[in-house]
2 protein chains.
Amino acid sequence: MVTKRFRDSPGQADLRRADSLAREIFSDVANKWALLIIEALGAGTLRFSELRDEVEGISHKMLTQNLRMMERNGLVERTVHPTVPPRVEYTLTEPGRALRATVGGMCDWTHRYLGHIEAARRRADV
Amino acid sequence: MVTKRFRDSPGQADLRRADSLAREIFSDVANKWALLIIEALGAGTLRFSELRDEVEGISHKMLTQNLRMMERNGLVERTVHPTVPPRVEYTLTEPGRALRATVGGMCDWTHRYLGHIEAARRRADV
DNA sequence: CGGAATCCAACCCGATACTG
DNA sequence: CAGTATCGGGTTGGATTCCG
């Protein structure tokens with residue numbers, strides 16, 4: 001069997017294929033910092049420093065890096081106010097808000113199953 | 001602007017706190033390999049080698065590592081058939097299936113917004 | 001204040017070899 | 001077939017510094 005060399009049609013890209021665009025995007029987004037940032041922005045627009053306070057434990061560098069990635073992928077919009085001192089605000093775009101809905105599901109899941117998981121760990125950690 | 005704290009009921013662990021159990025679990029789960037494994041197991045029970053084929057690009061080591069983590073957290077159940085050659089099967093538990101529902105949402109999101117994101121990238125990548 | 005760049009330690013993860 | 005252990009290069013990511 002010959003591996004297809006031509007592009008898939010846009011709607012058919014598959015997360016399972018390691019080399020697909022879909023997988024690349026999924027990999028970008030499926031990391032804890034990106035998801036926590038999205039969740040934090042769910043409540044509304046935030047400044048850089050507010051975001052850093054909101055997502056406890058994230059470093060300046062990681063926050064910048066993830067915001068750049070999310071901006072490039074069109075998940076957040078970056079607004080610079082040319083004031084002194086500078087003021088930069090981040091907002092979820094429509095795709096970002098759509099993603100946020102499912103991320104919220106993951107957060108809820110974490111809280112709901114906290115007990116289950118604690119118990120499972122006690123069983124596993126002999 | 002007032003920071004909203006309404007989501008946190010007292011006594012409920014908070015994802016925002018870097019040192020909370022909830023954050024630890026979220027960080028375990030919020031990585032691409034774990035999520036792709038969960039998605040793969042959504043269709044039903046799979047053997048180790050089937051899982052490795054299903055999640056393209058994952059290494060033997062990463063698969064093992066993530067499965068151990070997921071087993072410890074009670075997301076998957078591991079069944080060893082004492083045959084020769086050995087046969088080990090993995091199945092989602094109830095918490096695992098619940099999580100899978102939201103992961104499915106993320107996968108759908110990826111497909112739905114693939115076009116948006118591609119366009120955003122073209123705009124960003126000057 | 002927000003961002004970029006640098007340095008460097010810590011770790012991630014793939015490859016490999018070996019076991020039952 | 002499934003799993004463990006080890007090794008080492010590559011990447012990650014924190015701390016720091018400087019800039020507009």
Side-chain angles (χ1 to χ4, degrees), chain A residues 17-19 23-24 26-37 40-41 44-73 75-92 124-126, chain B residues 1 3 17-19 23-24 26-37 40-41 45-73 75-91 124-126:
Chain A
R17 313 199 103 188
D19 62 350
R23 170 73 77 89
E24 188 190 321
F26 186 85
S27 301
D28 267 4
V29 161
N31 81 69
K32 66 169 177 174
W33 292 131
L35 296 183
L36 288 171
I37 291 169
L41 285 176
T45 299
L46 288 178
R47 303 180 57 170
F48 184 88
S49 45
E50 291 170 335
L51 215 31
R52 191 174 48 188
D53 294 342
E54 204 65 23
V55 182
E56 202 190 274
I58 196 171
S59 70
H60 187 112
K61 183 179 178 178
M62 278 304 94
L63 182 53
T64 307
Q65 232 172 63
N66 276 278
L67 284 172
R68 290 290 159 278
M69 176 275 286
M70 288 162 65
E71 194 187 357
R72 180 171 115 90
N73 288 330
L75 302 190
V76 299
E77 192 186 354
R78 178 171 176 270
T79 312
V80 182
H81 300 272
T83 58
V84 143
R87 177 186 187 85
V88 182
E89 294 182 333
Y90 293 91
T91 316
L92 290 182
D125 300 348
V126 281
Chain B
M1 156 173 180
T3 304
R17 313 200 109 190
D19 60 351
R23 170 74 77 88
E24 188 190 321
F26 186 83
S27 301
D28 267 4
V29 162
N31 82 70
K32 67 170 177 176
W33 293 132
L35 295 183
L36 287 170
I37 291 169
L41 285 176
T45 298
L46 288 179
R47 304 180 55 170
F48 183 88
S49 47
E50 290 170 336
L51 215 30
R52 190 173 50 187
D53 294 341
E54 203 65 23
V55 181
E56 200 190 275
I58 196 169
S59 69
H60 186 113
K61 183 178 179 177
M62 280 302 96
L63 182 52
T64 308
Q65 234 172 60
N66 277 277
L67 284 172
R68 291 291 159 276
M69 176 276 287
M70 290 162 65
E71 194 188 355
R72 180 171 115 90
N73 288 329
L75 302 190
V76 299
E77 191 184 358
R78 180 169 174 269
T79 312
V80 182
H81 296 86
T83 57
V84 148
R87 178 186 186 85
V88 182
E89 294 182 333
Y90 293 90
T91 316
D125 300 349
V126 281

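Each chain gets a letter, A, B and so on, in the order its sequence line appears, and its residues count up from 1. From a predicted model like this one, the values you see are computed outputs, not experimental measurements.
To the nearest angstrom, C1' of dC11(C) lies 10 Å from NZ of K61(B). Here the P atom of nucleotide dG14(C) and the NE2 atom of H60(B) are 12 Å apart, to the nearest Å. If you take NE2 of H81(A) and P of dG3(C), they are 12 Å apart, rounded to a whole angstrom. The separation between E89(A) atom CD and dC1(C) atom P is 15 Å, rounded to whole Å. In this structure, CZ of R87(A) is placed 11 Å from P of dC1(C), rounded to the nearest angstrom.
Near DNA chain C, meaning a heavy atom under 4.0 Å away, the residues from residues 62-72 of chain B are M62(B).
The neighbour count for R68(A) CZ, taken as heavy atoms of other residues, nucleotides or ligands under 6.0 Å away, is above 12.
In summary, contact between chain A and DNA chain D, defined as any nucleotide atom under 4.0 Å from a heavy atom of the protein, begins and ends at dG13(D) to dG20(D) in the 5' to 3' direction.
The backbone N or O of T91(B) sits nowhere less than 3.5 Å from a side-chain atom of E77(B) that would complete a donor-acceptor pair. In this structure, N73(B) contributes its side chain and L75(B) its backbone to no donor-acceptor pair below 3.5 Å. A donor-acceptor distance shorter than 3.5 angstrom exists from the side chain of E56(A) to the backbone of A18(B), with no hydrogens or angles considered.
Heavy atoms of R47(A) sit under 4.0 angstrom from primed sugar atoms or phosphate atoms, though from no base atom.
Checking I58(B) against P86(A), the closest nucleotide of DNA chain C that is more toward the 5' end is the one next to P86(A).
The distance from atom CE of M62(B) to atom CG of N31(B), rounded to the nearest 0.5 Å, is 9.0 Å. Between atom OH of residue Y90(B) and atom CD1 of residue I37(B) there is a gap of 9.5 Å, rounded to the nearest 0.5 Å. A distance of 4.0 Å separates CZ in R47(B) from CZ in R87(B), rounded to the nearest 0.5 Å.
Considering only heavy atoms from C-beta on, L36(B) stays 4.5 Å or farther from I58(B) through its side chain. Taking 4.5 Å as the limit, every side-chain heavy atom of E89(A) sits out of range of all side-chain heavy atoms of E50(A). You'll find the side chain of H60(A) reaches within 4.5 Å of the side chain of T64(A), heavy atoms only.
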> Stepwise, does the side-chain contact (heavy atoms from CB on, under 4.5 Å) test hold for V55(A) with L63(A)?
Replying inline: CA-CA 9 Å; V55(A) 182; L63(A) 182 53; 5.8 Å; no
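The terminal axes of the helix from dC1(C)-dG20(D) to dG20(C)-dC1(D), fitted over 5 pairs per end, subtend an angle of 40° to the nearest 10°.
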